[in-house]
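To keep things clear, I will list the structure first and then write my remarks on it.
Each chain gets a letter, A, B and so on, in the order its sequence line appears, and its residues count up from 1.
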There are 2 protein chains.
Amino acid sequence: MATPAAFASLAALMGDPARAAMLQALLSGEALTAGELARIAGIGAPSASAHLARLVEGGLVLVHPQGRHRYHRLASEEVAAAIEMLGGLTMTVTPARRWPHGEALRTARLCYDHLAGRLGVALHGALVGRGWIAPAEGGWAATTAGEAGLAGLGIDLPAARRARRFACDCMDWSERRPHLAGGLGREIAACCLRRHWLGRLPPEGPADPLGRRRLRLTPEGARRLGESLGINALP
Amino acid sequence: MATPAAFASLAALMGDPARAAMLQALLSGEALTAGELARIAGIGAPSASAHLARLVEGGLVLVHPQGRHRYHRLASEEVAAAIEMLGGLTMTVTPARRWPHGEALRTARLCYDHLAGRLGVALHGALVGRGWIAPAEGGWAATTAGEAGLAGLGIDLPAARRARRFACDCMDWSERRPHLAGGLGREIAACCLRRHWLGRLPPEGPADPLGRRRLRLTPEGARRLGESLGINALP
DNA sequence: GGCCGGCTTCGCCCCCGAACGAAGGACAGC
DNA sequence: GCTGTCCTTCGTTCGGGGGCGAAGCCGGCC
């Protein structure tokens, strides 16, 4: 295990309200500019710049400059998973008041770039149960049947294979069972959003940088996913 | 998702070197007194008292006084899992120097009260693969074959059922696949340690509060687990 | 009762780090 | 080139919080 000092400095990096807001905003998978992140965190540009420098230096965030903008995104799926898990722990550990959208978030949401919540877990179970993916070195591989079935759903398998990992487990904090991450998870989520099988629910009330991550299964999506995978009972 | 402020205060709670050392020490599953934790964290009693009060107030740690001692332990498996994951992220995110015992930790270790590392993941896979456990509400249940097999290994199933959860997944940071937590995971680890199928490796070099968590499969353990589950190839 | 040991509370000091204003590069478009 | 925009660096202020010593509380023990 990591030495306490290194562990603490990493946790402290996430333990500032402004940085936490930035990390949660980046959890959506989008790459955001320093200015956008400053606005989200509610601080001035100089402060945001300093915070982002520390996040980059700490290995949590990657930056790629583009013209006069500097786009920031989370450094890896591992970082996203840790933030996701810590967010889940926050909700279980402080039951003081009901979290807004708690139930909706449990139904379906984005975890970094892939699907999470009951839908994400159901998807994982369906892919395994139908023999579309099988255990492989470091995660999962698509079977022959899986290649056909996923292609039939419109998933871009070559794109999924170009990712660092094709498919691997990511623990779902609300369901306590794994859902699917990696290139395949990303492509499935992207496909569902692109084809409007899933809609993003707009945040209600005052700005919660993460409200927009809640998802809703559309009738078309329920039909297609139900047909192919047997996933139909999502509210 | 949690509001950034709540998320940040939780992360900040773990983001102090002294508190991080305490949490990592408690990750062993033992309940420790305030004095022991003060010594582990390398601070005075007053400071430790203040830190522990904050950890308790934050819901990460539970206290139960016993005579003039006050025993502290982690509040839940969720807390342990989050600490475990953050520790894993620390090692992947700061590749500056090799972590001591990194490879040994990947082979077999304790995560809170259950087995983790290659051994823990292999165990999880073996139980599923042999049909000894099957998916159930909120985790896994033992099948008829599983009850017989686990009892044959010497696992105390009634004790496992008394836990809040019988069996559920816990993400393994080094293998990125789930291992087994819950009452069953705890009983399996306890049984393996009790019967000396697994030995704790003593920490080498200067005090790392977690060094003792590394485990080694003994010849007897390899034989018994290999016979029953097909787990034999651990260094 | 008197003592001791474990733990907490109080009071204080000090330092880290978060925030901002002002100024200084870097890049795009006219 | 000039201007506007985006972002960073510098320098300063200031508040939160971590550390310790001293004192107080409480339970156990002779």
Side-chain angles (χ1 to χ4, degrees), chain A residues 3-26 30-73 207 209, chain B residues 3-26 30-73 94 209:
Chain A
T3 120
F7 179 101
S9 67
L10 182 68
L13 210 51
M14 307 196 210
D16 173 87
R19 286 195 295 268
M22 292 176 171
L23 290 173
Q24 290 194 340
L26 292 172
E30 296 173 274
L32 301 173
T33 67
E36 291 171 312
L37 288 166
R39 224 167 308 119
I40 286 171
I43 56 180
S47 310
S49 181
H51 282 306
L52 286 169
R54 291 188 60 180
L55 288 173
V56 169
E57 214 256 341
L60 294 185
V61 164
L62 295 179
V63 59
H64 52 112
Q66 203 163 314
R68 8 175 218 195
H69 297 279
R70 287 166 70 87
Y71 285 92
H72 298 79
R73 59 188 174 88
Chain B
T3 120
F7 179 100
S9 65
L10 182 69
L13 210 50
M14 307 197 211
D16 173 85
R19 286 194 295 267
M22 290 177 172
L23 290 173
Q24 290 194 340
L26 291 172
E30 295 173 274
L32 301 174
T33 67
E36 289 172 315
L37 288 167
R39 224 167 307 121
I40 287 171
I43 56 179
S47 309
S49 182
H51 283 306
L52 286 169
R54 292 188 60 180
L55 288 174
V56 169
E57 214 257 340
L60 294 185
V61 164
L62 297 178
V63 200
H64 51 113
Q66 205 164 316
R68 355 176 232 199
H69 297 281
R70 286 167 70 88
Y71 285 92
H72 298 78
R73 61 189 173 86
T94 59

For atom OH of B:Tyr71 and atom C1' of D:dG27, their distance in whole Å: 14 Å

Gap between atoms CE and C1', on A:Met22 and D:dC7 respectively (whole Å): 12 Å

Provide, to the nearest angstrom, the distance between the NE2 atom belonging to A:His69 and the C1' atom belonging to D:dG4. 12 Å

Can you tell me which nucleotide in C:dG5, D:dG19, C:dC20 comes closest to the side chain of B:Arg68? C:dG5

Atom-to-atom span, CD of B:Gln66 to C1' of D:dG28 - whole angstrom: 14 Å

Rounding to an integer number of Å, can you tell me how far B:Leu13 CG sits from D:dG18 P? 9 Å

Rounded to whole Å, the CG-P distance (A:Leu37 to C:dA19) equals 14 Å

Between atom NE2 of B:His72 and atom OG1 of B:Thr33, what is the distance when rounded to the nearest 0.5 Å? 8.5 Å

Please report, rounded to the nearest Å, how far the P atom of D:dG18 is from the CZ atom of B:Arg54. 5 Å

Interatomic distance, B:Leu55 CG vs C:dC7 P [rounded to whole Å]: 16 Å

Among D:dC7, D:dG19, C:dA18, the nucleotide that comes nearest once only the side chain of A:His51 is considered: C:dA18

Can any side-chain N or O of A:Arg73 pair as donor or acceptor with the backbone N or O of A:His64 at less than 3.5 Å? no

Is any side-chain N or O of A:Arg70 closer than 4.0 Å to OP1 or OP2 of D:dT8? yes

Against the side chain of A:Arg19, the closest entry in C:dT8, C:dA18, C:dA19 is C:dA18

Counting side-chain heavy atoms from CB outward, which of D:dC6, C:dC20, D:dG19 is closest to A:Ser47? C:dC20

A side-chain contact here means heavy atoms from C-beta on lying under 4.5 Å apart; do B:Leu32 and B:Arg39 qualify? no

The side chain of A:Ile43 is closest to which nucleotide in this list: D:dC7, D:dT8, C:dA19? C:dA19

Both A:Gly67 and A:Gly42 contact DNA chain C. Taking the nearest nucleotide for each, which residue is further toward the 5' end? A:Gly42

Proximity to the side chain of B:Pro46 - top-ranked nucleotide from D:dG18, C:dA18, C:dT9: C:dT9

Side chains of B:Leu23 and B:Leu13, heavy atoms from C-beta outward: is any pair under 4.5 Å? no

Is any side-chain heavy atom of B:Met14 closer than 4.5 Å to a side-chain heavy atom of B:Leu60? yes

Touch check for B:Ala45, heavy atoms < 4.0 angstrom, all strands: base, sugar-phosphate only, or nothing? base

